[in-house]
A.B. asks: 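Here's a structure for you.
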Amino acid sequence: MTIKIGIVFNYLQLPDVSKFPFVINKRRDGVFIRKGLFVYTKSNEGFLIGIIEKIVLLNEYFSDALTIKAYNNNNNPNILKGLFPSDDFEFAIAIVKCLGIIKFKDDKEKEISKIQRMTYPASPGIEVYLVEEELLNKFLGFDIEHGLNVGQVKVSNFNAKISMDRLLNKHFSILAISGAGKSYLTSILIEELITRDSSFGTPAIILIDVHGEYSYLKDLIELKDKVKIQDISYFQIAVPNLNEYSFKKYQEQISNVQIRELAKYIKKLKKDDKKKGKYTLSDILDIIENESDGNKSTKQALIGWLSELDHLTLFGSQENPSLNKIIHKQEILIFNLQKEISIRKKQIIVDYICSRLFYLRRMNRIPPFLLIVEEAHQFCPEAAHSKAISKPIIEMIAREGRKFMACLCLISQRPKKLSTTALSQCNSKMVLNIKNPYDLKHLMDSSEAITQEYASMISSLGVGEMLLMGNAVNYPAFIDIRERKYKPQFEDNSLAQVCLKWQNK
Ligand SMILES: Nc1ncnc2c1ncn2[C@@H]1O[C@H](COP(=O)(O)OP(=O)(O)OP(=O)(O)O)[C@@H](O)[C@H]1O
Ligand SMILES: [Mg+2]
């Protein structure tokens with residue numbers, strides 16, 4: 001059903017190519033015309049779609065100072081109102097920002113073939129209509145049947161069902177200040193992905209959970225079969241999977257001479273039939289110590305570096321968990337790093353996970369996956385801020401992952417501290433509230449779609465509101481994020497409640 005809402009007219013040098021004003025019809029059917037609504041009209045070029053940017057209320061009667069004075073002087077304004085129906089003089093004008101001309105594939109106007117830029121203004125006198133749900137979905141590029149339901153498009157209140165293919169095709173990021181709802185939104189995306197119909201096709205999800213916020217997913221009866229939590233205390237890197245350069249990555253100070261020496265020992269161990277390809281760091285240390293030839297000081301230095309690595313208790317003869325066995329389609333594997341304090345250890349773990357996942361995916365030994373990295377600025381920082389062991393591999397997945405269907409989701413509260421290389425590859429962005437002007441500027445630099453106007457809107461978003469932009473949608477859209485279906489048992493405990501419950505153990 002098409003709902004007529006007004007007529008285009010001339011107002012302050014408008015309409016022009018980018019904007020048109022219309023007089024809003026007085027209505028009694030409860031349709032409330034507000035800022036942010038999507039509307040359309042038929043211009044010379046075709047179907048012109050736009051968004052209401054501003055509403056102005058005008059009343060000729062009150063535009064004259066003398067009238068106001070008379071109105072005020074009268075002791076009982078109701079008498080004057082009765083004599084003169086000033087309400088009838090009021091009318092509302094909406095200013096619409098034009099977004100594009102929709103071209104349909106055929107006359108039935110069912111499928112959009114493309115969205116063009118406007119080159120000619122809307123004509124005064126033509127009708128303006130409200131965009132219906134079906135058309136809005138097509139215009140924004142949502143997937144009504146198989147999409148991920150994250151909430152509702154602001155003001156229009158239609159479901160926002162993001163197309164999974166479009167979102168995961170080119171990586172995405174979730175950015176906002178602390179407490180704006182990044183993790184909450186992530187849990188909604190996880191809900192949608194692991195509970196959608198298996199016939200739709202869904203990748204595996206791997207989540208680097210820095211604060212242990214997602215462990216509750218395992219406690220829910222509806223989800224528990226699809227959720228695996230990997231406590232990091234049992235995490236083990238398979239030493240036979242590492243070459244000499246991996247060690248240099250983990251222990252930067254190892255010199256090139258020492259690397260060459262180390263390569264010799266690794267080769268020897270690999271050939272050792274007794275070991276059957278299974279050896280640990282202590283085996284490498286043993287062989288270095290017992291070998292008679294080789295430069296003594298080089299060997300001593302190597303022993304020093306490798307023993308230090310051994311102390312991290314991360315290295316063993318086999319990988320745990322065994323990544324090529326534990327990753328399945330439409331299931332989530334959560335690495336809980338909550339108990340780990342050492343940032344270096346966390347980076348080594350993340351580096352190993354990412355490297356292995358990318359390798360296994362390239363070899364097609366695991367299904368397409370979505371790798372979600374919480375607090376991504378800790379693992380992939382911009383060079384000016386700090387160095388991180390895991391940065392090169394995350395940047396590599398950001399650059400090349402798409403070709404192998406390895407999708408990345410970077411979550412961060414400090415976009416400025418996040419690697420620009422990685423961030424600029426995150427084509428879709430879910431931006432919640434960001435206040436810091438440096439972070440906003442950095443965002444604007446990394447994505448041309450974020451204009452000054454959007455930046456000021458981003459800084460005034462509330463909890464549960466986001467701006468979705470990039471490859472996932474044809475046009476940036478503001479969305480009210482829905483409530484999550486599956487909740488942790490102890491959600492939203494206030495500080496006072498936690499203090500009351502807390503007891504010395
Ligand atoms: N869409 C929403 N609806 C209702 N409550 C929400 C919504 N989004 C966030 N919240 C609430 O806001 C609070 C903070 O959310 P969340 O933990 O996701 O923030 P965050 O951005 O991940 O913060 P941090 O950067 O510190 O990790 C939570 O208590 C959550 O319940
Ligand atoms: Mg969080």
Side-chain angles (χ1 to χ4, degrees), residues 148-155 157-162 172-193 205-217 219-220 229 332 334-341 343 346 350 370-381 385 408-418 423 426 428-436 438-440 442-443 457-468 477-499 501:
L148 312 175
N149 183 2
V150 290
Q152 294 190 322
V153 177
K154 254 192 170 312
V155 188
N157 294 341
F158 300 141
N159 279 343
K161 292 183 123 186
I162 307 175
F172 68 107
S173 57
I174 302 179
L175 308 166
I177 54 169
S178 176
K182 298 181 294 299
S183 308
Y184 195 97
L185 172 61
T186 311
S187 61
I188 288 174
L189 290 171
I190 295 170
E191 274 181 7
E192 285 291 312
L193 283 166
I205 310 173
I206 298 100
L207 171 63
I208 309 292
D209 180 9
V210 181
H211 302 301
E213 288 169 280
Y214 298 89
S215 304
Y216 77 94
L217 291 167
D219 305 332
L220 304 163
I229 313 261
I332 178 166
I334 300 173
F335 287 96
N336 184 352
L337 304 191
Q338 185 184 12
K339 290 187 194 142
E340 189 49 68
I341 303 163
I343 180 77
K346 282 195 269 192
V350 170
L370 163 65
L371 170 64
I372 307 174
V373 186
E374 271 269 3
E375 309 284 339
H377 52 274
Q378 284 186 17
F379 303 105
C380 191
H385 294 278
L408 201 57
C409 165
L410 299 178
I411 304 176
S412 176
Q413 39 177 274
R414 288 307 312 272
K416 189 167 182 344
K417 289 193 174 168
L418 191 58
L423 188 58
C426 291
S428 300
K429 290 189 173 61
M430 297 182 178
V431 187
L432 297 94
N433 184 291
I434 296 182
K435 291 232 163 12
N436 187 318
Y438 296 106
D439 284 326
L440 280 171
H442 188 67
L443 254 187
M457 286 198 253
I458 289 167
S459 63
S460 61
L461 288 174
V463 172
E465 295 176 330
M466 73 155 161
L467 172 63
L468 171 66
F478 285 93
I479 290 171
D480 283 320
I481 301 165
R482 68 168 171 81
E483 276 200 21
R484 52 183 165 197
K485 277 189 216 137
Y486 307 106
K487 296 189 173 130
Q489 258 177 317
F490 306 104
E491 198 193 27
D492 290 338
N493 275 347
S494 70
L495 174 68
Q497 279 170 334
V498 175
C499 291
K501 278 187 206 153

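In each ligand, atom 1 is the first atom listed, and ligand 1 is the first ligand listed. In what follows, every heavy atom counts, from backbone to side chain, and hydrogens, waters and symmetry copies are set aside. Remember, predicted model here, so these are calculated numbers, not experimental data.
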A.B. asks: Taking heavy atoms and a distance under 4.0 Å, where does His211 meet ligand 1: side chain, backbone, both or neither?
C.D. replies: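 None of His211 does.
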
A.B. asks: Of all the atoms in ligand 1, which lie at a distance below 4.0 Å from a heavy atom belonging to Gln413?
C.D. replies: 24 (P), 25 (O), 26 (O)

A.B. asks: Apply side-chain hydrogen bond (donor to acceptor under 3.5 Å, both in side chains) to Arg414 and list each qualifying residue two or more places apart in sequence or on a separate chain.
C.D. replies: Asp439

A.B. asks: So is Glu374 polar-close to ligand 1, meaning N/O to N/O under 3.5 Å?
C.D. replies: no

A.B. asks: Please classify the Ile481 to ligand 1 contact at 4.0 Å (heavy-atom distances, strictly less than): side chain, backbone, both or neither.
C.D. replies: both

A.B. asks: Please check: side-chain N/O of Lys182 versus main-chain N/O of Gly179, any donor-acceptor pairing under 3.5 Å?
C.D. replies: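 Not confirmed, Lys182 side chain does not pair with Gly179 backbone.
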
A.B. asks: Side chain, backbone, both or neither: which applies to Lys182 and ligand 1 if a contact is any heavy-atom pair less than 4.0 Å apart?
C.D. replies: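 Contact part for Lys182 vs ligand 1: both backbone and side chain.
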
A.B. asks: So do Ile208 and Glu374 actually touch side chain to side chain, heavy atoms under 4.5 Å?
C.D. replies: no

A.B. asks: Using non-hydrogen atoms of the residue, decide whether Ala176 is closer than 4.0 angstrom to ligand 1.
C.D. replies: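 False for this residue.
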
A.B. asks: Please evaluate residues Lys429 and Leu423 with respect to the criterion side chain to side chain contact (heavy atoms under 4.5 Å, CB included), reporting the C-alpha separation (whole Å), side-chain torsions for both, the decisive distance (0.1 Å), and the verdict.
C.D. replies: CA-CA 9 Å; Lys429 290 189 173 61; Leu423 188 58; 4.2 Å; yes

A.B. asks: I'd like to know if the side chain of Tyr184 reaches the main chain of Val463, judged simply by a donor and an acceptor atom lying under 3.5 Å from each other, with no hydrogens or angles considered.
C.D. replies: no

A.B. asks: Could you grab the protein N, O or S atoms closer than 2.8 Å to the Mg ion (ligand 2) for me?
C.D. replies: Ser183 OG

A.B. asks: Would you say Ser183 has any N or O atom under 3.5 Å from an N or O of ligand 1, going by distance alone?
C.D. replies: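 Yes; at least one N/O pair falls below 3.5 Å.
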
A.B. asks: Check this for me: does any side-chain nitrogen of one of Glu375 and Lys346 sit under 4.0 Å from a carboxylate oxygen of the other?
C.D. replies: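 Salt bridge flag = no for Lys346 with Glu375.
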
A.B. asks: How about Leu185 and Ile174: do any of their side-chain heavy atoms sit closer than 4.5 Å?
C.D. replies: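 Yes, side chains in contact.
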
A.B. asks: Arg482 heavy atoms, cut-off 4.0 Å: which ligand 1 atoms fall inside?
C.D. replies: 1 (N)

A.B. asks: Could you go through Ser459 and Ile434, starting from their C-alpha distance and side-chain angles, then the distance that decides it, and tell me whether this counts as side chain to side chain contact (heavy atoms under 4.5 Å, CB included)?
C.D. replies: CA-CA 5 Å; Ser459 63; Ile434 296 182; over 6 Å; no

A.B. asks: Applying side-chain contact (heavy atoms from CB on, under 4.5 Å), can you list everything that pairs with Leu461, at least two apart in sequence or on another chain?
C.D. replies: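 Asn433, Glu465, Phe478.
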
A.B. asks: I need the atoms of ligand 1 closer than 4.0 Å to a non-hydrogen atom of Val463, numbered in the order shown.
C.D. replies: 6 (C), 7 (C), 8 (N), 9 (C), 10 (N), 12 (O)

A.B. asks: Please check whether Gly179 reaches ligand 1 - meaning an N/O of the residue sits under 3.5 Å from an N/O of the ligand, judged on distance alone.
C.D. replies: yes

A.B. asks: According to side-chain contact (heavy atoms from CB on, under 4.5 Å), who are the partners of Ser428, at least two apart in sequence or on a separate chain?
C.D. replies: Leu167, Phe172, Asn471, Ala472

A.B. asks: Ion pair present between Lys485 and Glu192, side-chain N to carboxylate O less than 4.0 angstrom?
C.D. replies: yes

A.B. asks: Passes side chain to side chain contact (heavy atoms under 4.5 Å, CB included), Asn159 versus Gln152? Steps please.
C.D. replies: CA-CA 4 Å; Asn159 279 343; Gln152 294 190 322; 3.8 Å; yes

A.B. asks: Could an N or O of ligand 1 be found under 3.5 Å from any N or O of Tyr184, whether backbone or side chain?
C.D. replies: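 Yes - when backbone and side-chain N and O of Tyr184 are compared with those of ligand 1, one distance drops under 3.5 Å.
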
A.B. asks: For ligand 1, does Ile177 get within less than 4.0 Å through its side chain, its backbone, both, or neither, judged by non-hydrogen atoms?
C.D. replies: backbone

A.B. asks: Ignoring hydrogens, just give me the one of Ser187, Gly462, Gly181, Ser412 whose non-hydrogen atom is nearest atom 19 (O) of ligand 1.
C.D. replies: Gly181

